[in-house]
Asks: 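Structure incoming, see below.
Indexing begins at 1, ligand by ligand and atom by atom, following the structure's order.
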Amino acid sequence: MSSQKIGIVGSGLIGRAWTMLFAAAGYRVQLYDILESQLATALQELDKDLHRLEERGALRGNIRASEQFSLIGVTTRLEELTRDALHIQECVPEVLPLKQSLYSQLDELLEQQTVVASSTSTFMPSLYSEGLQKRQQMLVAHPLNPPYFIPLVEIVPAPWTSSGAVERTRDLMLSLGQRPVTLKREIQGFATNRIQYAILNEVWRLVGSGILSVADVDRVLSQGLGLRYALLGSLETAHLNAPGGVADYFQRFGGEISAVSATYGETPNTQEDRETLAEIARQCEQMVSLEKLDERRAIRDEFLIQLAKLKRQFE
Ligand code: NAI
């Protein structure tokens, strides 16, 4: 159990989720936001969420919800947040100039031992840390939503991030019970979105060309491939799918993979192909109306809680 201090910048959806993950592991957490009212709301939400999770037996860590809550403090002063911090997790909105201005401020304040990780889903760390004095202490640690139930964290270094900062962030994520992967170098989309977008592109083509409905194309994942992927990655799936393992798999099916891949066609322009977008939106809203999105999100979270328990039994 640790009493080291973690700073969280931005107390929105992701900032609050990180706060709960760190508090569950016994870290002292200080939340910073520009809005005092936002911090007050965040504290109320955290108190409610921690106790709700405890009641449902889904609280992480070995200490009670009330003890976890007592580890959480707030500040509207960045110089207070950076003081004695082991790690700072940045969770401000996904707006590059906003992140750049925040990192310039942090550059003035960061102590030597502190690593700052951005939760950004899209910005490579060089985009906001280039030119800063303490850029070797800056990197990306990208979670997936909801981070409390999805353990993956993508650690992405800038070309100048120190190997020590990368290693420490990895160890820290492991200490929370998260499952980090470390990219050797930064790349647009990191790994998750590169793979996710490859799927979205093909799903778009299949619906756009009228081959499958939205409900059916989603079933291919939710009733098919996704069930395996909740346990195995695509390469281990291939490894198990041929008598002689993965080398045998590609020997047998490599020709077919290349032949099918050659028929994919162009990358869809999802902003300009308004016809396909309208059709996808119409069918998605038939499946889940906009008023019911929150209800469906709650079902997703409940499912992920149960899946996390099941996964632990298999690991
Ligand atoms: P959000 O809009 O819920 O929260 C942002 C918070 O930052 C708000 O509390 C706001 O008051 C505060 N803020 C704004 N300017 C600030 C400043 N200059 N200094 C300090 N605080 C400031 O946003 P959300 O969804 O939590 O996203 C935060 C980051 O996490 C983004 O980089 C996003 O890309 C990333 N992320 C989001 C995911 C999601 O599903 N929402 C998933 C994975 C990553």
Side-chain angles (χ1 to χ4, degrees), residues 6-22 29-49 72-83 85 87-110 114 116-129 132 138-156 158 169 173 176 178-181 183 186 188-197 200 293-294 296-298 300-301 303-304:
I6 305 293
I8 307 281
V9 184
S11 61
L13 181 74
I14 297 298
R16 292 200 303 271
W18 278 116
T19 300
M20 296 201 300
L21 286 170
F22 282 109
V29 190
Q30 193 171 46
L31 264 165
Y32 162 88
D33 207 292
I34 36 169
L35 300 173
E36 210 151 331
S37 58
Q38 172 66 27
L39 285 172
T41 312
L43 280 178
Q44 281 170 6
E45 293 286 322
L46 285 164
D47 197 16
K48 214 167 55 189
D49 285 349
I72 303 168
V74 296
T75 182
T76 49
R77 294 175 55 231
L78 203 52
E79 60 275 24
E80 195 185 326
L81 185 89
T82 49
R83 197 177 310 132
H87 175 97
I88 292 178
Q89 187 71 35
E90 172 270 302
C91 315
V92 303
E94 196 73 344
V95 179
L96 189 56
L98 176 63
K99 302 236 188 222
Q100 285 167 331
S101 126
L102 175 74
Y103 278 85
S104 306
Q105 285 173 265
L106 285 169
D107 199 38
E108 301 288 318
L109 297 168
L110 274 191
T114 316
V116 192
S118 176
S119 303
T120 179
S121 317
T122 52
F123 302 130
M124 294 190 290
S126 60
L127 291 176
Y128 58 79
S129 63
L132 300 182
M138 299 171 181
L139 43 68
V140 163
H142 171 229
L144 264 64
N145 194 43
Y148 202 78
F149 305 118
I150 300 190
L152 181 71
V153 179
E154 294 183 282
I155 299 176
V156 187
T169 307
M173 294 300 143
L176 304 182
Q178 297 300 86
R179 297 282 183 272
V181 297
L183 276 65
E186 60 178 19
Q188 256 185 303
F190 314 146
T192 300
N193 279 335
R194 292 182 79 84
I195 294 170
Q196 179 163 246
Y197 297 162
L200 277 176
L293 284 180
D294 274 342
R296 194 72 179 140
R297 287 185 187 116
R300 172 200 66 188
D301 289 354
F303 181 79
L304 288 172

Asks: Heavy-atom pairs closer than 4.0 Å: do any link ligand 1 to the side chain of Leu98, the backbone, both, or neither?
Replies: side chain
Asks: Measure the distance from atom 11 (O) of ligand 1 to every protein heavy atom, then report the residue, atom name and distance (to 0.1 Å) of the closest one.
Replies: Asp33 OD1, 2.8 Å
Asks: Under 4.0 Å from a heavy atom of Lys99: which atoms of ligand 1 are those, numbered in the order shown and with their elements?
Replies: 31 (C), 32 (O)
Asks: Is Asn145 close to Arg300 at the side-chain level, that is, under 4.5 Å between some pair of heavy atoms?
Replies: yes
Asks: Just do the side-chain contact (heavy atoms from CB on, under 4.5 Å) check on Leu39 and Leu43 with the steps written out, would you?
Replies: CA-CA 6 Å; Leu39 285 172; Leu43 280 178; 5.9 Å; no
Asks: Near Val9, which atoms of ligand 1 are under 4.0 Å from a heavy atom of that residue?
Replies: 20 (C)
Asks: Hey, are Gln44 and Asp47 close enough side-chain-wise for a donor-acceptor pair under 3.5 Å?
Replies: no
Asks: Shortest non-hydrogen contact from Phe123 to Val140?
Replies: O-CG2, 3.8 Å
Asks: Please write down residue, atom name and distance for the protein heavy atom closest to atom 40 (O) of ligand 1.
Replies: Asn145 CB, 3.2 Å
Asks: Which residue supplies the protein heavy atom nearest to atom 15 (N) of ligand 1, what is that atom called, and how far is it?
Replies: Ile34 CD1, 3.4 Å
Asks: Give the atoms of ligand 1, by number and element, whose distance to some non-hydrogen atom of Leu13 is under 4.0 Å.
Replies: 3 (O), 26 (O), 41 (N)
Asks: Return the option from Val92, Leu144, Leu35, Thr120 holding the heavy atom at the smallest distance from atom 31 (C) of ligand 1.
Replies: Val92
Asks: My understanding is that we take every heavy atom of each candidate and find the minimum distance to atom 19 (N) of ligand 1. Doing that for Phe123, Tyr32, Trp18, which one comes out nearest?
Replies: Tyr32
Asks: Evaluate the criterion side-chain contact (heavy atoms from CB on, under 4.5 Å) for residue pair Tyr103 and Ser118; output intermediate values, then yes/no.
Replies: CA-CA 10 Å; Tyr103 278 85; Ser118 176; 3.2 Å; yes
Asks: Answer yes if the side chains of Ser119 and Glu90 hold a donor-acceptor pair under 3.5 Å, and no otherwise.
Replies: no
Asks: Among all protein heavy atoms, pick the one closest to atom 14 (C) of ligand 1 and tell me residue, atom and distance.
Replies: Pro93 CD, 3.4 Å
Asks: Output the list of atoms in ligand 1 that are nearer than 4.0 Å to some heavy atom of Glu94, sorted by atom number.
Replies: 31 (C), 32 (O), 33 (C), 34 (O)
Asks: Could you find the nearest protein heavy atom to atom 26 (O) of ligand 1 and give me its residue, atom name and distance?
Replies: Ile14 N, 2.8 Å
Asks: Going by atom types only, do Glu154 and Thr192 share a side-chain donor-acceptor pair under 3.5 Å?
Replies: yes
Asks: Of all the atoms in ligand 1, which lie at a distance below 4.0 Å from a heavy atom belonging to Gln38?
Replies: 9 (O), 11 (O)
Asks: Return yes when at least one protein heavy atom is under 4.0 Å from atom 36 (N) of ligand 1, and no when none is.
Replies: yes
Asks: Can you find a pair of side-chain heavy atoms, one from Ile155 and one from Leu183, that are under 4.5 Å apart?
Replies: no
Asks: Under a 4.0 Å threshold between the charged nitrogen and the carboxylate oxygen, would Glu80 count as salt-bridged to Arg83?
Replies: no
Asks: Apply side-chain contact (heavy atoms from CB on, under 4.5 Å) to residues Leu139 and Thr169 and explain how you reach the verdict.
Replies: CA-CA 9 Å; Leu139 43 68; Thr169 307; 3.6 Å; yes
Asks: Provide, to 0.1 Å, the distance between atom 6 (C) of ligand 1 and the closest protein heavy atom, together with that atom's residue and name.
Replies: Gly12 N, 3.7 Å
Asks: So which heavy atom in the protein is nearest atom 43 (C) of ligand 1, and how far is it from that ligand atom?
Replies: Pro143 O, 3.3 Å
Asks: For Arg296, does the CZ atom sit with more than 12 other heavy atoms under 6.0 Å from it, leaving out its own atoms?
Replies: no
Asks: Would you check the N or O atoms of Glu90, main chain and side chain alike, for any that come under 3.5 Å of an N or O of ligand 1?
Replies: no
